[in-house]
Amino acid sequence: AATAAVAAAAAAATAAAREEERSLALRLLRSLHAHAVLRVQGGAAAVEATAAAVAASADRGVLDGTALLRTLIADLWEALIEQDPALSGGGIGGGSGSGNDSWTFVERPALSAAPCGDNLWALLPLIDTMVAESSAPSEASSSSGSGGGGAGGLDEDGWRMLDGTWRIVEALAYPIEAAARGSGGGGGVSGGGGGGGGSGG
């Protein structure tokens, strides 16, 4: 019994160590990818290189490439959204538009600004493929006849990726409207757009 307990404790410690290593690696990749996309011209290549390495490892059966890549992209989107004054919802550096924000000494351009915007546009083909794969029916659901789309079987990271993708694309396509929402307008895009007519009473 004592030997079994020792073996179980050793296995638990090994699993915990591996999980910590994985968490550390993910945090490091999140930081590296976010810096490359935000600050480096052509930084999209860093994300694409990681995606290629993940795909190669998946082909060798070393890991679940699809799940890992979803996690990496979801982490990247969250890091970028936190840095965008329009999308961070008035949080750290979100900006109130008053000019008195305690974080105004840090330059934080919108995601649509270069080089970040250029990098995000360059990543869209990769993201488009990932979103299509996420939305396609899985083999399991097809064989079971459930008929539901693949999105129904997504894990938390998959949903984080899809939600982040929507917000990133929206920021790229409608930078002015995104900025208007982030600056404190409580309503949607149309909330401040028709302000010229007043709220006629």
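Values reported hereafter were calculated over all heavy atoms of this structure, with side chains retained and with hydrogens, waters and symmetry mates removed.
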Is it the case that one hydrophobic cluster holds both [X] and [Y], taking links as side-chain heavy atoms less than 4.5 Å apart, direct or via other members?
{"X": "Leu124", "Y": "Ile73", "value": "yes"}
{"X": "Trp166", "Y": "Leu172", "value": "no"}
{"X": "Leu126", "Y": "Trp121", "value": "yes"}
{"X": "Val40", "Y": "Leu120", "value": "no"}

For the student: nearest non-hydrogen atoms of [X] and [Y], plus distance:
{"X": "Leu80", "Y": "Leu111", "result": "O-CD2, 3.7 Å"}
{"X": "Val37", "Y": "Asn119", "result": "O-ND2, 2.9 Å"}
{"X": "Gln41", "Y": "Pro115", "result": "OE1-CB, 3.3 Å"}
{"X": "Ala171", "Y": "Ser112", "result": "O-CB, 4.0 Å"}

Is a donor on one side and an acceptor on the other found under 3.5 Å between the side chain of His33 and the backbone of Leu29?
-> yes

Just by distance, do the side chain of Asp157 and the backbone of Thr71 share a donor-acceptor pair under 3.5 Å?
-> no

Pairs involving residues 5-21, ordered by first then second residue, that meet salt bridge (charged side-chain N to carboxylate O under 4.0 Å, His left out) (sequence neighbours left out) | Glu20-Arg27

Just verifying a value: how many Å separate [X] [atom1] and [Y] [atom2], rounded to the nearest 0.5 Å?
{"X": "Met161", "Y": "Met130", "atom1": "CE", "atom2": "CE", "result": "4.5 Å"}
{"X": "Glu170", "Y": "Thr165", "atom1": "CD", "atom2": "OG1", "result": "12.5 Å"}
{"X": "Glu133", "Y": "Leu69", "atom1": "CD", "atom2": "CG", "result": "8.5 Å"}

Option among Leu72, Thr66, Asp64 that satisfies the side chain to side chain contact (heavy atoms under 4.5 Å, CB included) test with Leu68 | Leu72

Side-chain touch Leu76/Arg30, heavy atoms, less than 4.5 angstrom | no

Could you check if a side-chain atom of Trp77 sits within less than 4.5 angstrom of a side-chain atom of Leu162, using non-hydrogen atoms only?
-> no

Using side-chain hydrogen bond (donor to acceptor under 3.5 Å, both in side chains) as the criterion, list what pairs up with Asp75, not counting sequence neighbours.
-> Arg160

